[in-house]
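Just the heavy atoms: all of them, side chains too, but no hydrogens, waters or symmetry mates, feed the values below. The sequence lines fix the lettering, A, B, ..., with proteins before strands; numbering per chain opens at 1.
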Number of protein chains: 2
Amino acid sequence: MKNGKYSISDVAEMLGVSKSTVSRAINGNSGVGEELRKKVLDLVEEIGYKPNTIAQSLSRGHMNIVALILGDIRNPFYADLTFNIQRILNKHGYMVMVFNSEYDVRREIEFLKLTLQFNFAGLILITAQAESVEGMLHSMNIPIVLVNRILPSYEGDSVLTDNFRAGYMAVMHLLELKHKHIGFIKGPGISSASTQRFDGYRQALQNFGLPFNEEYVFASDLKLETGISLAQKFVKELKERPSAMVIVNDMTAVGFMDGCKENGLRIPEDLSIVSFDNVDISAIKGIELTTISQHVDEMSEHTARLMLKQLKNKECKPERVILEPTLVVRNTTSLYEE
Amino acid sequence: MKNGKYSISDVAEMLGVSKSTVSRAINGNSGVGEELRKKVLDLVEEIGYKPNTIAQSLSRGHMNIVALILGDIRNPFYADLTFNIQRILNKHGYMVMVFNSEYDVRREIEFLKLTLQFNFAGLILITAQAESVEGMLHSMNIPIVLVNRILPSYEGDSVLTDNFRAGYMAVMHLLELKHKHIGFIKGPGISSASTQRFDGYRQALQNFGLPFNEEYVFASDLKLETGISLAQKFVKELKERPSAMVIVNDMTAVGFMDGCKENGLRIPEDLSIVSFDNVDISAIKGIELTTISQHVDEMSEHTARLMLKQLKNKECKPERVILEPTLVVRNTTSLYEE
DNA sequence: TTGTAGGCGTTATCAC
DNA sequence: GTGATAACGCCTACAA
């Protein structure tokens, strides 16, 4: 015993048995007499012995930590997802280590290397491009779950919202309200959720013969403040404005609305807005976003479930869970009148 | 080499040198000829060898992971703090492991035990009671930084906003606006930030001879939805209402305002509100909270700095950083008129 | 059922 | 300057 902490040898010695016996007893393995097991467990309980996780991990070949790589924990959508996943995995004895890629591929690759180096037990990748790291993913040889990442050739577990459909739905809704000129604010290029939504938007435009105007397309990093500054550009630099905008996530939309109002634009009278995520805040009076929900609870449950499944049984057939988005109509969209 | 990964022995063997030499070379330790060192580093670079962190940790006695225990990562204030701290510590080669105590002391104690068991390099504790875990803290013998936790007898590093003053300031502001009946929404009992604010509020009430009414005191878990449900109670169950409320954090305040408006109360005409944190969202039109800023950027920088200081030099004299809160006046407070 | 011994991948302490 | 060797704390064949 050093450092105030007991080691398995201490326990063994105190009981006059071998380390193996103690190990078996505390791990619930067979091969120990019931009587002796109880004696071991009692002492362990009494002195408060806890096995050293590092040593366990070295021996077992991996840590019971799951890496979770996402864009930015400050985005409430990610925070919700993380919280839920973490809670479930914790309950099953796993820790979760969160990494903010800040939507930077290089940083993401760094984190993937760290995942290897640390021998994490598993890896959850949320909402970013997968192509650039596909090779690495294949060679990692640990449980992996992809969330909201599209990668056609990827065989492993993944759970995703049908983001193409979500983008399409947004346009459909605006179309029913007679809008003809519809702009789009994309997310970071690395985000496949964003790309899919954009594709859905373009497809809908095309299917219904609406014009696509490159000038009506902007890019955000999903942050509130970016929404605000984009609004400045939108109001001041555009000679002709669309009557509606589809915005890649709620936080950008909230910022964008703020910037628009700041510049005298009324919403929805002068501009209709549809966004994505249905974050808590979007329901609040004074915001009341019309948005497309991703069902974050279900997403996190499926993600955690798939991870646990792989963790328990390395060889199981991959699942691909696809969740349907839902339109939530509130007060940022209205009928377009000439 | 197994599992597609090289070990230090592989590297040693490939070069025909000993493991010790390789270890010294990659760790920049003295005792290797420059020539040989270069040869080692070149090979390491070429084959992409990375030392196994678990083994390193076992040998060194701790992981280069810092545990960060907070209430709930979905609270934007915590998310901001976490993001910043994580970014700085990452830059210095440390990982951060986040734990959501959900404001539950038992859970917090669990996490403290895990911190020991995992041999984490350090511990950052954010905004919760410290008394109940003080003993454990003392016996942990690793770098610890307390954030927004008051513990008079605690000698170690800590950074905190003067929350007593913040609570006092909130009342002062309302007093200048002629309010006489001022209520309060507390945070979870475990949160010392909340307790301090409440104490400041009471002190100000007393100093200026204002009445304190137990009926005007509510409790929140800092979540938006809780703010909403508290508003129901506030509007429906109170026979006489205060003209102003001080609310423990922005998110609760946002929810509370929503619930009030839902029930026909106008803000600030019928009710003034002051809250704490100055989260991004509080500046948005349609919200525009009058709030007391905690200067989250400075907080996180100091926190990370203190942790790194301890990590580098176990024996250094403790610092206590105290940040002054700042009142940000927006549109949820107005002059009280009879 | 129990104990012994070797191994997990590093680092650190000795010799040489 | 370099190389054996022990140690970190645990798990797990294998032997008794």
Side-chain angles (χ1 to χ4, degrees), chain A residues 1-41 43-44 47-64 93 114 116-121, chain B residues 1-41 43-44 47-65 93 114 116-121 142:
Chain A
M1 162 178 171
K2 65 169 252 207
N3 221 356
K5 285 183 295 191
Y6 295 92
S7 82
I8 198 170
S9 315
D10 299 319
V11 179
E13 201 173 327
M14 294 164 91
L15 253 43
V17 300
S18 75
K19 298 194 290 177
S20 347
T21 305
V22 178
S23 172
R24 285 190 276 253
I26 57 183
N27 289 309
N29 290 338
S30 63
V32 203
E34 269 322 306
E35 206 174 333
L36 185 47
R37 158 169 279 137
K38 182 164 170 13
K39 252 171 67 180
V40 173
L41 293 180
L43 179 62
V44 161
I47 65 176
Y49 162 75
K50 298 278 184 193
N52 175 323
T53 319
I54 301 183
Q56 276 182 325
S57 305
L58 182 60
S59 181
R60 295 207 245 258
H62 63 86
M63 306 221 61
N64 50 349
L114 281 177
L116 245 36
Q117 213 176 323
F118 270 80
N119 292 286
F120 289 141
Chain B
M1 163 182 171
K2 67 168 247 205
N3 220 355
K5 285 183 293 188
Y6 295 93
S7 83
I8 198 171
S9 316
D10 299 319
V11 179
E13 200 173 330
M14 293 164 91
L15 252 43
V17 299
S18 76
K19 298 193 293 177
S20 332
T21 304
V22 177
S23 174
R24 284 190 277 255
I26 57 182
N27 288 310
N29 291 339
S30 63
V32 204
E34 270 321 306
E35 205 174 334
L36 185 47
R37 158 168 278 136
K38 185 167 167 12
K39 252 172 64 182
V40 173
L41 293 181
L43 178 63
V44 162
I47 65 176
Y49 161 75
K50 297 277 182 192
N52 175 323
T53 319
I54 302 183
Q56 278 183 322
S57 305
L58 182 61
S59 183
R60 293 207 246 258
H62 62 86
M63 307 221 63
N64 50 348
I65 294 180
L114 282 177
L116 244 37
Q117 213 176 324
F118 270 80
N119 291 285
F120 290 142
I142 57 172

Kindly state which residues belonging to residues 30-40 of chain A come within less than 4.0 angstrom of DNA chain C, counting heavy atoms of the residue only, listed by number.
A/Gly31, A/Val32, A/Gly33, A/Leu36
Check salt bridge (Lys or Arg N to Asp or Glu O under 4.0 Å) between B/Glu35 and all other residues, then give those that pass, not counting sequence neighbours.
none
Once you round it to whole Å, what is the distance between [atom2] of [N] and [atom1] of [X]?
{"X": "A/Ile26", "N": "D/dG9", "atom1": "CD1", "atom2": "P", "value": "14 Å"}
{"X": "A/Tyr6", "N": "D/dC10", "atom1": "OH", "atom2": "P", "value": "14 Å"}
{"X": "A/Asn52", "N": "D/dA7", "atom1": "CG", "atom2": "P", "value": "18 Å"}
{"X": "B/Glu13", "N": "D/dG3", "atom1": "CD", "atom2": "P", "value": "13 Å"}
{"X": "B/Phe118", "N": "D/dG9", "atom1": "CZ", "atom2": "C1'", "value": "15 Å"}
{"X": "B/Ile8", "N": "C/dG7", "atom1": "CD1", "atom2": "P", "value": "18 Å"}
{"X": "B/Ile54", "N": "C/dT11", "atom1": "CD1", "atom2": "P", "value": "14 Å"}
{"X": "B/Asn119", "N": "C/dT10", "atom1": "CG", "atom2": "P", "value": "18 Å"}

Heteroatom pairs (N/O) under 3.5 angstrom, protein to nucleotides 12-16 of chain C:
from: C/dA12; atom 1: N6; to: B/Ser20; atom 2: OG; distance (Å): 3.4

Would one find a side-chain N or O of [X] under 4.0 angstrom from OP1 or OP2 of [N]?
{"X": "A/Gln56", "N": "D/dC11", "result": "yes"}
{"X": "B/Tyr49", "N": "C/dT10", "result": "yes"}
{"X": "A/Ser18", "N": "C/dG3", "result": "yes"}
{"X": "B/Thr21", "N": "D/dG3", "result": "yes"}

Residue B/Gln117 excluded, over 12 heavy atoms near CD under 6.0 Å
yes
Please tell me whether B/Asn52 and B/Lys5 have a donor and an acceptor in their side chains that are separated by less than 3.5 angstrom.
no
To the closest 0.5 Å, what do you measure between OG1 (B/Thr21) and CG (B/Asn29)?
11.5 Å
Taking side chain to side chain contact (heavy atoms under 4.5 Å, CB included) as the test, write out the residues that go with B/Leu15, two or more places apart.
B/Val17, B/Val40, B/Leu43
Which pairs with one or both residues in residues 54-65 of chain B pass side chain to side chain donor-acceptor pair (under 3.5 Å), sequence neighbours excluded?
none
Would A/Val11 and A/Ile47 count as a side-chain contact (heavy atoms from CB on, under 4.5 Å) here? Give the steps.
CA-CA 9 Å; A/Val11 179; A/Ile47 65 176; 4.1 Å; yes
Note, B/Tyr6 side chain near B/Val44 side chain (heavy atom, < 4.5 Å):
no
Counterpart residues, side chain to side chain donor-acceptor pair (under 3.5 Å), relative to B/Lys50 (two or more places apart):
none
